[in-house]
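Read the structure below first, then the notes.
These numbers come from the heavy atoms of this one structure, side chains and all, not from hydrogens, waters or symmetry mates.
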Amino acid sequence: MPASSLNIAHPAVFPLGVPEFFIRLMTESGDTVLDPFMGSGTTALAARGLGRLYEGVELSKNYLALCVERLAKET
């Protein structure tokens, strides 16, 4: 799977296909996905796109703002 080409304010953004693969494999529609290191929000985007709920934890206020921004843009 190719590395993400996103140029956003996070140093380790991975392709959406990575969390999508594992979310499909390990959950069913309507399940909740927990991401304890939310970072840029890629896992939340994948979960939402696959009909799952999501919860995330992020200590960095900057990364949290980035995640909120990404989720709002890709609604």
Side-chain angles (χ1 to χ4, degrees):
M1 186 168 298
S4 178
S5 62
L6 291 177
N7 186 15
I8 60 176
H10 191 281
V13 178
F14 46 80
L16 195 60
V18 173
E20 284 178 339
F21 172 82
F22 289 103
I23 291 169
R24 279 192 186 104
L25 180 68
M26 303 180 78
T27 67
E28 297 177 2
S29 184
D31 284 352
T32 299
V33 174
L34 171 64
D35 185 355
F37 305 99
M38 205 156 184
S40 64
T42 304
T43 299
L45 287 170
R48 186 173 66 187
L50 293 171
R52 276 61 164 181
L53 304 172
Y54 56 88
E55 294 286 333
V57 178
E58 181 51 62
L59 293 177
S60 167
K61 290 180 184 180
N62 292 337
Y63 293 162
L64 178 60
L66 173 62
C67 182
V68 169
E69 180 183 328
R70 287 185 75 199
L71 287 165
K73 279 184 183 176
E74 299 188 37
T75 301

Could you report the tightest heavy-atom contact between [X] and [Y], atom names first, then the distance?
X	Y	value
Thr42	Pro19	CG2-CG, 3.9 Å
Met38	Gly56	SD-CA, 3.3 Å
Thr43	Phe14	OG1-CZ, 3.9 Å
Ser29	Arg52	N-CZ, 3.7 Å

Q: Please answer whether the main-chain N or O of Gly39 pairs with a side-chain N or O of Glu58 as donor and acceptor at a distance below 3.5 Å.
A: yes
**Q.** Side-chain (Arg70) to main-chain (Leu45) donor-acceptor, under 3.5 angstrom
**A.** no
Q. Do Leu64 and Leu66 belong together in a cluster built from hydrophobic side chains that touch within less than 4.5 Å?
A. no
Q) In terms of heavy-atom contacts, does CG of Leu59 have more than 12 from other residues, nucleotides or ligands at under 6.0 Å? A) no
Q | Derivation of the side-chain contact (heavy atoms from CB on, under 4.5 Å) call for Asp31 and Ile23 | A | CA-CA 10 Å; Asp31 284 352; Ile23 291 169; over 6 Å; no
Q: Begin from the C-alpha positions of Leu71 and Tyr54 and carry the test side-chain contact (heavy atoms from CB on, under 4.5 Å) through to its verdict.
A: CA-CA 12 Å; Leu71 287 165; Tyr54 56 88; 3.8 Å; yes
Q.
Could you measure the distance from the CG atom of Leu50 to the CD atom of Glu20? Nearest 0.5 Å is fine.
A. 5.0 Å
